[in-house]
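Chain letters run A, B, ... following the sequence lines, proteins first and then strands; every chain starts at 1. The analysis underlying the following values was restricted to heavy atoms, covering all of them including side chains, and did not include hydrogens, waters or symmetry mates.
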Amino acid sequence: MIRDARVLRTDFVPREVEHRDHEVTHLSGVLRPLTDGEPADTVIVTGPTGTGKTCVTRFVGERLREETLDVAFQYVNCWRHYTFFRCAYAVLDGMNETMDVHRQSTPRDELLARLEEYDGPPRVLVLDEVDQLEDLSLLYDLHSMPRFALVLIANREAELFGRIGERMTSRLRGSERIRFEKYTLDQLVAVLEARARSGLAEDAVGAAELERIADAAAGDARVAISVLRSAARRADREGNDRITAEVVEAAIPDAREAVHRENLENLTRHQEILYDVVEDAGEIAPGALYERYEGRVDDAKADRTVRNYMQKMAHYDLIEIEGSTRDRVYRHPDRG
DNA sequence: GTTCCACTGGAAGACTAGGTTT
DNA sequence: AAACCTAGTCTTCCAGTGGAAC
């Protein structure tokens, strides 16, 4: 039933992008000067998760490379490389410039100098989830190097500009913006149809089933595609040559669970204990949380550290945070 | 309206791990 | 071997916030 598993991965870049013509044209237009060896403006791409930001950017990058031999394209995920050092290192790594840069004890000045020395072809530098960078001064440095064309991807523009320094804000204010909106139900069905056509056997899934998946995904293509994948796997396992309505229903919680399980595995012992406390309580105030956490370990971290842990877990969607001062509560997402 | 105070999150610095230099 | 780097983690300190109690 599965003809090409790659197509069902959420990071797959299709040959044609569905319902994002305007965004594709806009982004290509901004990067166009690179084909003549001219520098291109910085682009800020914003929109909720699963709206095709990363996909469109990669798509445009691949097409640009097909058209022009002399353009390099590089993608860096700032969630995974969230410090100044790791992000700069990742950029250098993509340029094969890291051989003599050692994993540690390399001052940031040297990393910057090395970036500045770059004299290869113009390079499109995509910084995905750029709002996750904890030190945004790297943007300032990269922005001032004309050999790099920056594409900054963030969920919300306001958050990015809120953290960015004033001098950087004024420089970026004039840069191009591309905003992505959530997919409508019909658009999402079209996305799924395209993936099913090239990834699955013919007639493996019907229109009603795709619509059900699209509906459950609530405008998020990433969720939709991973539900489709797990439905296809499930059908395969059960020896079914069609994705039935029952298989779809069973696959919907699968996708959520898989992400959840993966995130839990990344936690440290202390974070795990905090997660357990919140899970047991369902909902808990900060004071009580810390008290119970302290009772369960004999080497408790400082309260400030616990607050950092909680932020991190909230980021992984493992817990929810509500309220900003005295009304703050931590909550387990499946309850309350 | 005023005061109280539980809580937040930024900043600065100590500490640790892992490397290089002398 | 000792002295000296750096990144990353954690702690300490504290101004600020806004809900709750008066």
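- Between A:Phe148 and A:Tyr118, the two ring planes are parallel [angle under 30°; tilted spans 30° to 60°].
- You'll find the side chain of A:Glu262 stays beyond 4.5 Å of the side chain of A:Asn266, heavy atoms only.
- Below 30°, between 30° and 60°, or above 60°: for A:Tyr290 and A:Tyr293 the angle between ring planes is between 30° and 60°, a tilted geometry.
- Whole-Å rounding puts the A:Glu134 CD to C:dA7 P distance at 12 Å.
- For the pair A:Arg195 and A:Phe12, the cation-pi criterion (under 6.0 Å, within 45° of the ring axis) is not fulfilled.
- Residue A:His315 contributes atom NE2, which lies 13 Å from atom P of B:dG9 at whole-angstrom precision.
- OP1 and OP2 of C:dT11 both lie 4.0 Å or more from every side-chain N or O belonging to A:Tyr309.
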Between the protein and nucleotides 12-18 of chain C, which nitrogen or oxygen pairs are less than 3.5 angstrom apart?
residue : atom : partner  : partner atom : Å
C:dG18  : O4'  : A:Thr325 : OG1          : 3.2

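- For the pair A:Arg328 CZ and B:dT8 C1', the interatomic distance rounds to 7 Å; values are reported in whole Å.
- If you measure from atom CG of A:Asp135 to atom C1' of C:dG8, you get 13 Å, rounded to the nearest angstrom.
- At the phosphate of C:dG8, neither OP1 nor OP2 sits under 4.0 Å from any side-chain N or O atom of A:Tyr89.
- Aromatic ring orientation, A:His260 versus A:His332: perpendicular (interplanar angle above 60°, classes split at 30° and 60°).
- Between A:Gln271 atom CD and C:dT9 atom P there is a gap of 10 Å when expressed in whole angstrom units.
- A donor atom on one side chain and an acceptor atom on the other are found under 3.5 Å apart for A:Asp128 and A:Thr54.
- Taking atom CZ of A:Phe84 as the reference point, atom C1' of C:dA7 lies 12 Å away to the nearest angstrom.
- Phosphate proximity of B:dA6 to A:Tyr290: absent, as no side-chain N or O sits under 4.0 Å from OP1 or OP2.
- In this structure, the CD atom of A:Glu322 is 15 Å from the P atom of B:dC7, given to the nearest Å.
- Look at A:Arg233 and A:Asp236 and you find no salt bridge, because none of the NZ, NE, NH1 or NH2 atoms lies under 4.0 Å from a carboxylate O.
- Remark: P of B:dG18 and CZ of A:Phe85 are 15 Å apart, rounded to the nearest angstrom.
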